[in-house]
J.: 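Quick one: structure below, then a few questions.
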Amino acid sequence: MTSQRQSAAKRSTLATKLRILNQIVFDRRNTHLFSQLFYRSTGSEPEEYCRWYFNNLVWQDTTWMGIETYKSPCDMWNYQEILVDLKPSLVIEFGTAFGGSAVFWASVMRQIGKPFKVLSVDISHKLLRPAARRDPDVEFVESSSASPEIAERIRQLRSEYPGKVWAILDSDHTKDHVLAEMKLLRPLLSTGDYLVVEDSLLNGHPVASEWGPGPYEAIQAYEEEFPNDYTHDTPREKKFGWSFAPYGFMVRN
Ligand SMILES: C[S@@+](CC[C@H](N)C(=O)[O-])C[C@H]1O[C@@H](n2cnc3c(N)ncnc32)[C@H](O)[C@@H]1O
């Protein structure tokens, strides 16, 4: 009887100690202290993970609601946070592919609860999934993203859906095409609108060094010509350590 009581007392003391340890470790300030004490970053982990994710083609096997979505999940989480803060009324996507990303924008926007439209443009709809096509809040247009008809459609949608714009360029990743898209958007975006230039990681930033001038170089060329158009949202870009869009998170001045 006495030994049963002793072991019950031991168990309860152990449980109390564990509870206290738990409280110490999971207090936010202490978690920071513990990670400082027991973890030393080499500084290269985010880039290593980016290379691993890209070179193993995990992005080709990533889905949203069952639809292929060629993105980094860290970026998608980041975009979700930006959308919730920005609360745009128009989302412009250049490069639809299967439609996973378009449905992602619409899913987040529906939760925000304001009237909105997603315009998703692709030169070909041959990959577009029926499940994406059925989304009532996405207008899929089959066209080159740099065509004047697209500029006109954006103008119309801006007046139908007044408010902020979130735009993401994810179509043809050559420098010339991305530069053309950025120039097309120039008269269409206003102060506070958000532009993401995707896949600026190509051409050695830090992957696919054989790619040739791509989105990163397009941003640089655009900024040489129009240095005052955008402010880089560097804290957001760096938040998760790596991104498919390095130097590509931009807010219109
Ligand atoms: C990287 S994929 C888009 C991925 C998609 N946004 C996603 O996250 O799953 C690029 C797409 O751009 C399209 N594309 C290529 N050239 C284009 C152009 N000039 N205008 C519009 N779309 C183009 C391709 O057909 C392809 O579907």
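Just follow the structure's listing: the first ligand is 1, and inside any ligand the first atom is 1.
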J.: Are R186 and F226 in a cation-pi setup, meaning NZ or CZ lies under 6.0 angstrom from the ring centre and within 45 degrees of the ring axis?
T.: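 Judged by the rule, R186 and F226 form a cation-pi pair.
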J.: Report yes if some N/O of V121 lies less than 3.5 Å from some N/O of ligand 1; otherwise report no.
T.: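 No: no nitrogen or oxygen of V121 is under 3.5 Å from one in ligand 1.
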J.: For atom 22 (N) of ligand 1, what's the nearest protein heavy atom and its distance?
T.: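 Looking at atom 22 (N) of ligand 1, the protein heavy atom closest to it is I123 N, 3.2 Å.
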J.: Hey, is E47 close enough to R51 for a salt bridge, meaning N to O under 4.0 Å?
T.: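 Salt bridge: yes.
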J.: Can you check whether G95 has an N/O within less than 3.5 Å of an N/O in ligand 1?
T.: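 Yes: some nitrogen or oxygen of G95 is under 3.5 Å from one in ligand 1.
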J.: Touching ligand 1 at all, E93? Heavy atoms, strictly under 4.0 Å?
T.: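 Flag set, E93 near ligand 1.
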J.: Can you tell me which residue and heavy atom of the protein come closest to atom 23 (C) of ligand 1, and the distance to 0.1 Å?
T.: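 I find the closest protein heavy atom is S171 CB, 3.5 Å.
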J.: Would you please determine whether S144 falls within less than 4.0 Å of ligand 1 on a heavy-atom basis?
T.: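 It does; at least one heavy atom falls under 4.0 Å.
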J.: When you check the side-chain N and O atoms of W64 and S107, is any donor under 3.5 Å from an acceptor?
T.: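 Short answer, yes.
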J.: Does a salt bridge link D135 with R110, judged by any charged N lying under 4.0 Å from a carboxylate O?
T.: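 Result for this pair is yes, salt bridge flagged.
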J.: Can you find an N or O of T69 that's nearer than 3.5 Å to an N or O of ligand 1?
T.: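 No, no N or O pair falls under 3.5 Å.
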J.: What protein heavy atom is closest to atom 8 (O) of ligand 1, reported as residue, atom name and distance in Å?
T.: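 The closest one turns out to be K71 NZ, 2.6 Å.
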J.: For atom 9 (O) of ligand 1, what's the nearest protein heavy atom and its distance?
T.: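 Result: Y70 N, 2.8 Å.
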J.: Write out the residue and atom name of the closest protein heavy atom to atom 19 (N) of ligand 1, then the distance separating them to 0.1 Å.
T.: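 Minimum-distance protein heavy atom for atom 19 (N) of ligand 1 reads H177 CE1, 3.2 Å.
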J.: Go through ligand 1 atom by atom and flag the ones less than 4.0 Å from a non-hydrogen atom of S143.
T.: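 Counting from 1, the qualifying ligand atoms are 20 (N), 21 (C).
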J.: Between the side chains of Y222 and D229, is a donor N or O closer than 3.5 angstrom to an acceptor N or O?
T.: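 On atom types as modelled, these side chains qualify, holding a pair under 3.5 Å.
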J.: Centre-to-centre under 6.0 Å for F249 and H232, is that the case here?
T.: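 No, too far apart.
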J.: State, to 0.1 Å, how close S143 and I150 come at their nearest heavy-atom pair, and which atoms those are.
T.: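 Looks like OG-CG1, 3.5 Å.
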J.: Note the single closest protein heavy atom to atom 1 (C) of ligand 1, along with its residue, its atom name and the distance in Å.
T.: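 For atom 1 (C) of ligand 1, the nearest protein heavy atom comes out as D170 OD1, 3.6 Å.
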J.: Tell me whether S124 has any N or O atom under 3.5 angstrom from an N or O of ligand 1.
T.: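 Not met; the criterion fails.
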J.: Give the numbers and elements of all ligand 1 atoms closer than 4.0 Å to a heavy atom of H173.
T.: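 Once the distances to H173 are compared, the set is 1 (C).
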J.: Considering non-hydrogen atoms of the protein only, which is the closest contact for atom 20 (N) of ligand 1, and what is the distance?
T.: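 Nearest protein contact, heavy atoms only, for atom 20 (N) of ligand 1 is S145 N, 3.0 Å.
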J.: Do E223 and M250 come within less than 4.5 Å of each other through their side chains, counting heavy atoms only?
T.: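 E223 reaches M250 side chain to side chain.
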J.: Measure from the ring center of W59 to the ring center of Y53 and say whether it is less than 6.0 Å.
T.: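 Centroid distance W59-Y53: not below 6.0 Å, so no.
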J.: Are F116 and W105 an aromatic pair by the rule of ring centers under 6.0 Å?
T.: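 Ring centroids of F116 and W105 are no less than 6.0 Å from each other.
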J.: Do the side chains of T174 and H177 get nearer than 4.5 Å, heavy atoms only?
T.: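 A side-chain contact under 4.5 Å exists here.
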J.: Regarding D170 and Y70, is there a side-chain donor-to-acceptor distance under 3.5 Å anywhere?
T.: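 D170 vs Y70: no donor-acceptor pair found between side chains.
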J.: Does ligand 1 have a heavy atom under 4.0 Å from the side chain of T96, from its backbone, from both, or from neither?
T.: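 Looking at T96 and ligand 1, just backbone atoms fall under 4.0 Å.
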J.: Just distances here: any N/O of D122 and N/O of ligand 1 closer than 3.5 Å?
T.: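 Looking only at distances, the answer is yes, because the N/O contact criterion of under 3.5 Å is met.
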J.: Tell me, which protein residue and heavy-atom name are nearest atom 16 (N) of ligand 1, and how many Å apart are they?
T.: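 Result for atom 16 (N) of ligand 1: D172 CB, 3.4 Å.
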J.: Polar-atom distance check: S101 versus ligand 1, any N or O pair below 3.5 Å?
T.: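 N/O-N/O distance below 3.5 Å exists for this pair.
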J.: Should the proximity of A146 to ligand 1, defined as any heavy atom under 4.0 Å, be assigned to the side chain, the backbone, both, or neither?
T.: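 Contact part for A146 vs ligand 1: neither.
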